[in-house]
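Numbered from 1 within each chain, the chains take letters A, B, ... in sequence-line order.
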Amino acid sequence: MKHNFNWKIGGPAGYGIKSVGAMFSRVMLRHGLFVFNYDEYPSLIRGGHNAFDVTVSTEPVYTTRRPVSLLVALDQESISEHQHELADDGGVIFNDGPVKVDKNLFPESVKLYPVPFDKIVEEHKGEKVMRNVVSLGASFALLGVPFESVQAIIEYKFKKKEKVVASNVTLAKAGYDFIKENFKEEFGYQLKKLDNPGRMILSGNEGIVWGAIKAGLKFYSAYPMTPSTSILHNLALQAHKYNIVVKHTEDEISAINTAVGAGYAGVRAMTASAGGGFALMAETLGMAAIMEMPLVIAELTRPGPSTGMPTWTGQGDLRFVLHASQDEFPRFVIAPGDVEQCFELTQTAFDIAEKYQTPVIILSDKQLAESYQTIEKFDTRPRKLQRGKVLTEEELSKIDEYKRYNTDVSDGVSPRVLPGTKKGEHLVNSDEHNELGFSEERSDERVRMMDKRFRKVATALEEIPDPELEGDKKADITFVSFGSTRGAILEAMKDLKQDGIKSNFLQIIYLSPFPDKKVGEVFKKAKKVVVVECNKTGQLAGLIREHTGQVPDYKILKYDGRPFFPDEIVDTIKDIL
Amino acid sequence: MAEQKDFTTSYKPTWCPGCGNFGIMPATKKAYAELGLEPHQIAMVFGIGCSSNGSNFYNLYAFHGIHGRPLPVAAGIKLANHELTVIADSGDGDAYGEGVSHFVHTTRTNVDITYLVHDNNLYSLTTGQTSPTSSTGMKTKSAPFGNLDMPFNPIAAAILNGATFVAQGFSSDIPHLTELIKKAIKHRGFSFINILQLCPTFNKLNEFPWYKERVIKLDDEAHDDSDFHKAISQATRTDGKIPLGVFYQIDKPTYGDRLEQLKDKPLVKQSLDNIDISKSLDVYK
């Protein structure tokens, strides 16, 4: 009997796949189990194949695991696309009638559960989309989930719409009963109920949203682009409650410029986009840097180049965010690796942006942005905000002449004055400028101002935390990575440990300024270093080499638009050793 | 009370002798002073171009951004602190070329800012190429055989797309322009003035005598500036005359008026202490 399982549902877009996946996850959460969701969908509203994975575990789980224990096939494509993902002792629930299943394609140990979804829906006068709740009922019957839980989640989902609740409950029950009546043998995977101390399920983007709100975000401007759009949706919903102006601007160029304007006026402001939108923002990124403006930008990567694969994942934008915009300037690039880090590091990003008066990029990707995972409650206690150096009218009255870009600052940060403050009038300038902000092209002034801005890097390197090794102290394998690959690596480490292979993991969170000292040390001490990234050329490995001269023993790279699955990493490590 | 000179910095203007900007800048500063504004109450956002180099010559909160983008910056400033008087200042390349999407869309928002566009029908900082308002056939460095395009009509575009104050001034008529700027700033909502400007160095087609033959004052024609259709018809005249004055003005709630978030006080004055999100997170449980 196994209690950890992977459930997957597939069907055409528009069949309520995501919605039923979310309901499934919520039921697991309520039973005290940990889940990780993964939503595979094409860039379409109708048509095309959708699939939703839910990995369920009795202990914390950090990414989607394979193989699939129970596959629900609402259409034929779900069989052809996903049959190879199935466990040998897994099961397939399929829409009996429209979906034909050839027994010979599966090992004998796989259980097949034909359920006539269409007929059941017809008999109960339901709508076609309700095949999804029939499948939910059927799945839960097999997995030993009491029907009351199904009913409760339907009531939660449809709130007070009594008729909708009633018809959905009827259909879920019909699916549930069909399994109970026709398949008496117990399925090899069964729910094990645990205590639920109030954990939550949410996505990386929701982590960013709540981190931003908690940090005092007052202004958000953006243009929709997958996978950044859910940040816009969520913040728009909270705009009234938390007094945040959320503006859907005409394009990304406007989005970033509006955010810069708001930040200049003194509020905490943010924008976000995918790589394509960020490309449009590139010129203003440099403007914010030379004008020394606080700015937080979230870049949610998807595979490119250009439109690429809009709804899939990748880590191909690392070099892009590090180098976007003309010439050189200090910037922060922070890559959270899970939902909690999204929440925590977004708060940090606002502090850094104001403290250093420079752009801060939060680098995430579709896998982290849109995958939902169970996490412990956020730390919602008040946190002291660092608003940076801002002079008041009183402080200004004690100064002979206010210099916006005073170079006599050892940390590289000259105090700001917010517009509206008496005696603080000045020019902020995208032209190279002198200390007063006036346009200035003299060679000594140029060098002085460049050097002042770059002093922020040295200051930051003193302050930002070094990356830390997680896992076994003496390890055969040291993984090094950034961002969302954290999940697959942590899961792979669990499996390697079971096979007696010791490993540890260095997640580089701050990619700029780069913590070269610590990373160099880890490389020198490690037995074998394996860099893991979702891109074609090993951008992180290249960055490490640039900063430390170190080269990893192996690179595990993936660039098919899918996230890493732990077994892919485990298999490669076993080949290496 | 601040005087016109209080809006002037120590930086020596870098414009050519006879440049229309020497008319527009004093008109603007005079308008500020006559409205009783203090330098610290004004945020003025510039793009890139000859006119935008003026950012160095204004003593106030000046923001010299990048080409085509002053409007979104100005909107961001105004929404973050609506107690400020926010002015965006562009040339015709900035406003109608690089930044035309912001121009069209900002008119739709009716955000309470004033947009002054120095329109000399030419790109002058880059030494004389065709601009969106260059007339068809005009010979420039980028169109030595004559401009093939129709000129952009900023006045009509602004009226059509929802600007609530639309006017046209002339750099050689400072008193008239000063009054227009005062009206534009006093107007609540998006106010826009296209300012016809001489460029003696590069524009040899639209010189002072050329304008003198053509400009007329809307005030002299008893124009009803609350009438949308009359405003459009003035903006699309075919008799070769160029009207100066207010084409159109109408009272409508501003973008900020419609934001519940700003009712209490400006965003920048709202406290960030103890923002409690714990209850909101219950939906994820």
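Nearest heavy atoms, A:Arg268 versus B:Leu272: CD-CD1, 4.1 Å. Closest approach of B:Lys285 to A:Arg199, counting heavy atoms only: CG-O, 3.5 Å.
Using a 4.5 Å cut-off between heavy atoms, A:Leu29 touches chain B through its side chain atoms alone. Residue B:Asp264 does not touch chain A at all, counting heavy-atom pairs closer than 4.5 Å. Interface remark: B:Leu281 contributes backbone and side-chain atoms alike to the contact with chain A (heavy atom separation under 4.5 Å). Only the side chain of A:Arg387 comes within contact range of chain B, judged by heavy atoms closer than 4.5 Å. Looking at B:Ile42, neither its backbone nor its side chain comes within 4.5 Å of chain A, counting heavy atoms on both sides. For a residue to count as touching a neighbouring chain, one of its non-hydrogen atoms must lie under 4.5 Å from one of that chain's; by this rule A:Leu385 touches chain B with the side chain only. With a 4.5 angstrom heavy-atom cutoff, A:Tyr264 touches chain B only via side-chain atoms. Residue B:Leu71 does not touch chain A at all, counting heavy-atom pairs closer than 4.5 Å. With a threshold of 4.5 angstrom between heavy atoms, B:Phe46 does not approach chain A through any atom at all. Using a 4.5 Å cut-off between heavy atoms, A:Asp251 touches chain B through its side chain atoms alone. For A:Lys377, the part lying near chain B is the side chain, with the backbone staying farther off; criterion is any non-hydrogen pair under 4.5 Å. There is no contact between A:Arg381 and chain B, counting heavy-atom distances below 4.5 Å. Neither the backbone nor the side chain of A:Ala288 comes within contact range of chain B; no heavy atoms are under 4.5 Å apart. Proximity to chain A (any heavy atom under 4.5 Å) is shown, for B:Ile277, by both the backbone and the side chain. Looking at A:Thr284, the atoms closer than 4.5 Å to chain B (heavy atoms on both sides) sit in the backbone and in the side chain alike. For B:Thr109, the part lying under 4.5 angstrom from a heavy atom of chain A is the side chain only. Neither the backbone nor the side chain of A:Tyr372 comes within less than 4.5 Å of any heavy atom of chain B. For chain B, the nearby part of A:Ile244 is the backbone; its heavy atoms alone come within less than 4.5 Å.
For the options A:Ala239, A:Ser254, A:Gly266, heavy-atom pairs under 4.5 Å to chain B are most numerous at A:Ser254. Top candidate by heavy-atom pairs under 4.5 Å with chain A, chosen from B:Ala75, B:Ser101, B:Pro70, is B:Ser101. When the candidates A:Arg383, A:Lys241, A:Lys247 are compared by the number of heavy-atom contacts under 4.5 Å with chain B, A:Lys247 comes out ahead. Most heavy-atom pairs under 4.5 Å with chain B, from the set A:Lys214, A:Met200, A:Gln238, A:Glu250: that is A:Glu250. Annotation: maximal heavy-atom pairing with chain B below 4.5 Å, among A:Gly216, A:Gly424, A:Ser439, occurs at A:Ser439. Residue with the most contacts toward chain B among A:Gly420, A:Pro382, A:Ala265: A:Gly420 (heavy-atom pairs, distance under 4.5 Å). Across B:Ser10, B:Pro39, B:Gly68, the residue that shares the most heavy-atom pairs under 4.5 angstrom with chain A is B:Pro39. With chain B as the partner, the residue from A:Arg30, A:Lys384, A:Met291 showing the most heavy-atom pairs under 4.5 Å is A:Met291. Between chain A and the residues B:Ile48, B:Asn81, B:Leu79, B:Leu259, the largest count of heavy-atom pairs under 4.5 Å involves B:Leu79.
A distance of 10.0 Å separates OG1 in A:Thr380 from NZ in B:Lys279, rounded to the nearest 0.5 Å. For the atom pair A:Leu427 CG and B:Leu60 CG, the distance stands at 9.5 Å (nearest 0.5 Å). One finds the CG atom of A:Asp431 at 7.0 Å from the CG atom of B:Asn56 (value rounded to the nearest 0.5 Å). Here CD of A:Glu283 is found 3.5 Å from CD1 of B:Ile66. Values are rounded to the nearest 0.5 Å. Separating the NZ atom in A:Lys422 from the CD atom in B:Gln41 is a distance of 8.0 Å, to the nearest 0.5 Å. Within the model, atoms CG of A:Asn429 and CG of B:Asn53 stand 9.0 Å from one another, a figure rounded to the nearest 0.5 Å.
Within a 6.0 Å sphere centred on OH of A:Tyr223, heavy atoms belonging to other residues, nucleotides or ligands number 12 at most. The 12-atom threshold is not exceeded at CG of A:Asp195, counting heavy atoms of other residues, nucleotides or ligands nearer than 6.0 Å.
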- Could you check B:His102 against A:Ile253 for side-chain contact (heavy atoms from CB on, under 4.5 Å), going step by step and ending with a plain yes or no? CA-CA 9 Å; B:His102 310 312; A:Ile253 298 174; 3.9 Å; yes
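Relative orientation of the B:Tyr61 and A:His426 rings is perpendicular, given thresholds of 30° and 60° on the angle between their planes.
For the pair B:Tyr284 and A:Ile375, the minimum side-chain heavy-atom distance is 4.5 Å or more. Proximity of B:Ser280 to A:Tyr242: side-chain heavy atoms (C-beta onward) are separated by under 4.5 Å at one or more points. Side chains of B:Tyr11 and A:Leu436 form no contact here, defined as non-hydrogen atoms less than 4.5 Å apart.
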